[in-house]
S.K.: 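Below is a structure I'd like to ask you about.
Values reported hereafter were calculated over all heavy atoms of this structure, with side chains retained and with hydrogens, waters and symmetry mates removed.
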Amino acid sequence: MRKIVALSTLGACLAQLCAPSLPALEFRAEIDASWVKNLSRTSFAPSRKSAAAYAATVTALQARPLTREWQLFLSGEAGANWVPKFTGLDSLHGGLHAQLRRKFGLGPLAPVLDFHGGLTGCAVREGGRSGWQAGAGLTLSRRLTEFWRVAAGGEWEKYFASHQAFEVDHRSLSLESTWDLSERWQLGLGARRLWGQLTANARYDIYDTALDGGFGPAIANYYNRIPWEISNTFGPGWVAYRIDCDADFWWVQLTVTLGPNTSLPLRYETVKVINRVGVRYDTDLWSLGLVHRF
């Protein structure tokens with residue numbers, strides 16, 4: 001009940017924030033269907049769990065010009081995620097975000113610097129995964145030609161979860177480029193490097209072997225020091241645990257414009273994660289979305 005009240009409070013704050021200027025609001029609705037290989041983020045390949053996942057999000061955005069060079073964006077979002085095969089991951093979320101933009105010069109080729117921050121509440125069916133996520137970052141972007149845009153950024157995120165195994169803190173750097181192939185088609189490529197913590201999962205017998213030194217003393221020493229708990233999300237007795245790691249994200253996205261306010265993005269993303277004792281976790285994701293602005 002407290003989680004639902006907290007999310008409702010976020011929605012009320014958004015309504016009060018935007019009510020005086022309702023005509024200036026822009027709304028965006030997005031639905032996504034994904035297939036995630038190794039959704040469980042498991043290191044032992046034979047036991048990895050893959051599944052389809054679905055998401056729906058509605059966002060309200062208000063733009064407020066401050067000066068000729070500065071602009072403020074305030075937004076709020078609410079959404080839901082479903083994983084039919086692993087219902088413990090089903091969740092509701094709501095958040096408030098702010099973005100301050102500085103444009104250096106006039107015209108579409110002028111560089112743009114964005115500062116952003118926000119707070120999101122998440123209620124997950126598996127209660128230990130529920131919590132609050134705070135984040136802040138900056139992005140520098142520039143359209144090099146009429147058809148080619150590049151962007152680089154840095155971000156910090158902290159997830160305050162109900163249980164320690166899911167409480168993670170990380171920072172990242174990213175680089176992205178997009179090309180307008182035609183009036184309807186756009187191609188995007190990107191990469192992101194993350195340093196910090198993530199949550200992984202394992203069968204209990206595999207994790208117990210690691211604790212008992214079956215994979216060597218270095219792994220036993222590390223796995224006995226990190227937060228972990230019996231989760232059961234991916235099967236009876238499965239363990240969730242927090243890892244300190246480096247992660248590399250790579251993605252390619254092809255977007256087709258279906259109408260003045262509607263687009264269809266198709267995305268492939270691969271993630272390579274290596275923890276502090278050299279254990280590797282690989283994940284691949286295919287997703288198809290539908291985005292509409294109104």
Side-chain angles (χ1 to χ4, degrees), residues 34-53 81 83-91 122 124-131 133 155-174 191-251 268-286:
S34 306
W35 172 258
V36 189
K37 184 178 179 182
N38 194 19
L39 174 67
S40 58
R41 189 173 284 127
T42 301
S43 61
F44 184 55
S47 63
R48 290 173 179 171
K49 302 290 187 179
S50 303
N81 297 272
V83 185
K85 190 175 179 181
F86 304 110
T87 57
L89 299 178
D90 292 349
S91 65
C122 191
V124 188
R125 179 167 293 185
E126 183 189 346
R129 296 179 186 265
S130 298
Q133 179 166 298
E155 191 167 37
W156 164 83
E157 289 182 327
K158 170 72 174 182
Y159 188 65
F160 301 90
S162 298
H163 294 177
Q164 276 193 322
F166 310 106
E167 186 164 292
V168 296
D169 185 352
H170 50 248
R171 60 199 184 280
S172 63
L173 295 174
S174 61
R192 180 182 176 216
R193 176 74 168 183
L194 177 148
W195 300 268
Q197 301 162 333
L198 294 171
T199 297
N201 304 270
R203 283 193 341 229
Y204 182 79
D205 60 323
I206 302 297
Y207 199 81
D208 188 51
T209 300
L211 295 178
D212 289 341
F215 300 125
I219 290 179
N221 180 59
Y222 177 74
Y223 279 59
N224 275 285
R225 290 188 293 107
I226 59 177
W228 65 276
E229 66 176 69
I230 301 295
S231 165
N232 296 316
T233 293
F234 294 100
W238 270 65
V239 173
Y241 59 102
R242 188 177 71 195
I243 57 173
D244 303 287
C245 64
D246 298 330
D248 291 310
F249 299 72
W250 302 85
W251 66 86
Y268 169 73
E269 183 171 343
T270 183
V271 186
K272 310 296 183 186
V273 179
I274 301 178
N275 73 9
R276 290 292 174 265
V277 287
V279 178
R280 182 166 172 166
Y281 310 78
D282 294 342
T283 301
D284 295 290
L285 177 149
W286 285 93

S.K.: Before you tell me yes or no, could you show the steps for Ile274 and Val279 under side chain to side chain contact (heavy atoms under 4.5 Å, CB included), namely the whole-Å CA-CA distance, both residues' side-chain angles and the distance that decides it to 0.1 Å?
M.R.: CA-CA 6 Å; Ile274 301 178; Val279 178; over 6 Å; no

S.K.: Quick one: do the Gln197 and His170 side chains pair a donor with an acceptor below 3.5 Å?
M.R.: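 There is no such pair between these side chains.
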
S.K.: Would you confirm whether Asn221, through its side chain, and Pro217, through its main-chain N or O, come within 3.5 Å as a donor-acceptor pair?
M.R.: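 It does not hold such a pair.
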
S.K.: Just so I know, are the side chains of Glu269 and Trp250 near enough to count as touching, which here means a heavy-atom distance under 4.5 Å?
M.R.: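 Of all side-chain heavy-atom pairs linking Trp250 with Glu269, none is under 4.5 Å.
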
S.K.: Can you tell me how far apart CG (Asn201) and OH (Tyr241) are? Round to the nearest 0.5 Å.
M.R.: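 Asn201 atom CG to Tyr241 atom OH measures 7.5 Å (nearest 0.5 Å).
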
S.K.: If I compare all heavy atoms of Val83 with all of Ala52, which pair ends up nearest, and what's the gap?
M.R.: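 That closest heavy-atom pairing would be CG1-O, 3.7 Å.
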
S.K.: How far does CZ of Phe86 sit from OG of Ser40, to the nearest 0.5 angstrom?
M.R.: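 Reported value, rounded in 0.5 Å steps: 7.0 Å.
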
S.K.: What is the distance from atom CZ of Phe215 to atom OG of Ser43, rounded to the nearest 0.5 Å?
M.R.: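 The distance works out to 7.5 Å.
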
S.K.: Does Arg192 make a cation-pi contact with Phe249, if we ask for NZ or CZ under 6.0 Å from the ring centre and within 45° of the axis?
M.R.: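 Judged by the rule (NZ or CZ under 6.0 Å from the ring centre, within 45° of its axis), Arg192 counts as positioned above Phe249.
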
S.K.: Search all heavy atoms of Asn275 against all heavy atoms of Tyr222 and return the closest pair with its distance.
M.R.: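 For Asn275 versus Tyr222, the nearest heavy atoms are ND2-CE2, 4.1 Å.
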
S.K.: Please, which pairs that meet salt bridge (Lys or Arg N to Asp or Glu O under 4.0 Å) have at least one residue in residues 230-248, sequence neighbours excluded?
M.R.: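 Those involving residues 230-248 are Arg193-Asp246, Arg193-Asp248, Asp246-Arg276.
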
S.K.: Search all heavy atoms of Ala247 against all heavy atoms of Leu198 and return the closest pair with its distance.
M.R.: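 The answer is CB-CD1, 4.4 Å.
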
S.K.: Any side-chain to backbone donor/acceptor pair from Ser162 onto Gly131? Under 3.5 Å, distance only.
M.R.: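 No, because the side chain of Ser162 does not come within donor-acceptor range (under 3.5 Å) of the backbone of Gly131.
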
S.K.: With sequence neighbours left out, write down each residue that passes side-chain hydrogen bond (donor to acceptor under 3.5 Å, both in side chains) with Glu229, or none if nothing qualifies.
M.R.: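 If we apply the side-chain hydrogen bond (donor to acceptor under 3.5 Å, both in side chains) test to Glu229, skipping adjacent residues, the hits are His163.
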
S.K.: If you compare all heavy atoms of Tyr223 against all heavy atoms of Trp228, which two are closest, and at what distance to 0.1 Å?
M.R.: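 That would be O-CD1, 4.2 Å.
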
S.K.: Is the count of non-hydrogen atoms from other residues, nucleotides or ligands lying under 6.0 Å from Trp35 atom CH2 greater than 12?
M.R.: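 Buried by this count: over 12 neighbours within 6.0 Å.
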
S.K.: Supply the atom-to-atom distance Ser47 OG to Trp238 CH2, rounded to the nearest 0.5 angstrom.
M.R.: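 Interatomic distance, Ser47 OG to Trp238 CH2, rounded to 0.5 Å: 4.5 Å.
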
S.K.: Answer yes or no: is there a donor N or O on one side and an acceptor on the other, between the side chain of Thr199 and the main chain of Ala165, under 3.5 Å?
M.R.: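 Yes; at least one donor-acceptor contact below 3.5 Å.
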
S.K.: Just checking, is any N or O donor in the side chain of Glu126 or Ser231 under 3.5 Å from an acceptor N or O on the other one?
M.R.: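 Judged by distance alone, the side chains do pair up.
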
S.K.: Within the supplied structure, the quantity of interest is the number of heavy atoms (other residues, nucleotides, ligands) at a distance under 6.0 Å from Lys37 NZ; does it exceed 12?
M.R.: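 No, because the 6.0 Å sphere around NZ of Lys37 holds 12 heavy atoms or fewer from other groups.
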
S.K.: Nearest 0.5 Å please: distance from the OG1 atom of Thr270 over to the CG atom of Asp284.
M.R.: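 Spacing of OG1 (Thr270) from CG (Asp284) equals 4.0 Å.
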
S.K.: Taking the side chain as every heavy atom from C-beta outward, state whether Tyr159 and Cys122 have any atom pair closer than 4.5 Å.
M.R.: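 Yes; the side chains approach each other to less than 4.5 Å.
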
S.K.: Can you measure from OG1 (Thr42) to OH (Tyr207) and round to the nearest 0.5 angstrom?
M.R.: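 The distance works out to 12.5 Å.
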
S.K.: Is there a side chain to side chain contact (heavy atoms under 4.5 Å, CB included) between Leu39 and Lys85 once you walk through the steps?
M.R.: CA-CA 11 Å; Leu39 174 67; Lys85 190 175 179 181; over 6 Å; no

S.K.: Show the nearest heavy-atom pair for residues Asn38 and Thr283, with the distance to one decimal.
M.R.: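 What the structure gives for the nearest pair is O-OG1, 3.3 Å.
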
S.K.: Taking all non-hydrogen atoms of both residues into account, name the closest pair between Leu194 and Ser172 and its distance.
M.R.: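 Closest approach of Leu194 to Ser172: CA-CB, 4.0 Å.
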
